[in-house]
Amino acid sequence: MNVEIVLAYTHTQEINALFSEYTNMLIANDSSFQNYLDIQHYEEEINHLENKYGMPLGRLYLAYCNGEAAGCIGLKNIDKKIVK
């Protein structure tokens, strides 16, 4: 098994597919979750992930397993302090 983890900012197609798969699963398990996404302006967030997960205070990573997009993670600073 070959695993590669890369910064995801230029991999929009794979990131959008993974985010969509995840949110669709949440909505399928609880349809009220769509309301939460609407309140959080999810569509705006997904179209501008760099605003929430951009450097220097955030990161967006994509994991490939054997050349296939397998997962992603978005990290963001929650206390406005820059950690070095």
Side-chain angles (χ1 to χ4, degrees):
M1 174 172 29
N2 180 30
V3 175
E4 180 182 12
I5 299 172
V6 299
L7 284 172
Y9 302 107
T10 60
H11 301 268
T12 54
Q13 186 175 7
E14 292 96 334
I15 290 295
N16 286 339
L18 290 166
F19 269 70
S20 292
E21 181 181 347
Y22 177 66
T23 55
N24 289 339
M25 180 213 44
L26 292 172
I27 293 166
N29 289 330
D30 180 357
S31 60
S32 68
F33 192 77
Q34 181 63 56
N35 294 333
Y36 173 75
L37 294 175
D38 293 341
I39 291 168
Q40 296 296 317
H41 305 286
Y42 178 73
E43 283 298 321
E44 180 70 18
E45 179 181 325
I46 198 73
N47 290 325
H48 301 283
L49 291 171
E50 69 281 357
N51 292 343
K52 191 169 190 176
Y53 304 111
M55 293 182 194
L57 300 179
R59 298 291 186 277
L60 185 61
Y61 293 105
L62 177 61
Y64 288 96
C65 184
N66 296 327
E68 299 281 329
C72 62
I73 184 170
L75 306 168
K76 68 177 188 159
N77 190 340
I78 58 173
D79 66 6
K80 306 290 185 201
K81 294 179 185 176
I82 296 176
V83 179
K84 295 181 180 185

Check your understanding: Who passes side-chain hydrogen bond (donor to acceptor under 3.5 Å, both in side chains) against K76, sequence neighbours left out?
Key -> none

Point to revise | Listed partners of D38 passing side-chain hydrogen bond (donor to acceptor under 3.5 Å, both in side chains), at least two apart | key: Q34

Practice item. Take atom CD of Q13 as the centre, draw a 6.0 Å sphere, and report whether it contains more than 12 heavy atoms from other residues, nucleotides or ligands. Key: no

**Study point:** Y53 reachable from I78 in the ILVMFWY side-chain graph, under 4.5 Å edges
**Key:** no

Exercise for review: Please round to the nearest 0.5 Å and tell me the distance separating atom CD of Q40 and atom CG of N35.
Suggested key: 12.0 Å

**Study point:** E44: side-chain contact (heavy atoms from CB on, under 4.5 Å) partners, not counting sequence neighbours
**Key:** H41, H48

Can you give the donor-acceptor pairs under 3.5 Å from side chains of residues 21-28 to other protein atoms, not counting sequence neighbours?
from	atom 1	to	atom 2	distance (Å)
T23	OG1	F19	O	3.1
T23	OG1	S20	O	3.3
N24	ND2	S20	O	3.1

**Study point:** Contacts of type ring-ring contact (aromatic ring centres under 6.0 Å, His included), residue Y42, not counting sequence neighbours
**Key:** none

Practice item. For side chain to side chain contact (heavy atoms under 4.5 Å, CB included), just list the numbers for L7 and Y61, CA-CA rounded to whole Å, side-chain angles, deciding distance to a tenth of an Å, and then say yes or no. Key: CA-CA 5 Å; L7 284 172; Y61 293 105; 3.5 Å; yes

Study note, to complete from the structure: Residues at least two apart in sequence or cross-chain that pass side-chain hydrogen bond (donor to acceptor under 3.5 Å, both in side chains) with S31, listed by chain then number, are none

**Study point:** hydrophobic_cluster_shared for I73 and L57, side chain cutoff 4.5 Å
**Key:** no

Exercise for review: Identify, with sequence neighbours excluded, every residue that meets ring-ring contact (aromatic ring centres under 6.0 Å, His included) alongside F33.
Suggested key: Y36

Check your understanding: Excluding sequence neighbours, so at least two apart, what forms side-chain contact (heavy atoms from CB on, under 4.5 Å) with A69?
Key -> E14, L18, L62, Y64

**Study point:** N2 backbone acceptor or donor facing N66 side chain under 3.5 Å
**Key:** yes

Check your understanding: What salt bridge (charged side-chain N to carboxylate O under 4.0 Å, His left out) pairs are there with at least one residue in residues 51-64, not counting sequence neighbours?
Key -> E45-K52

Check your understanding: Roughly how far apart are N47 CG and N16 CG, rounded to 0.5 Å?
Key -> 7.0 Å

Exercise for review: Mind checking side-chain hydrogen bond (donor to acceptor under 3.5 Å, both in side chains) for E4 and listing every partner two or more places apart, or none if nothing turns up?
Suggested key: none

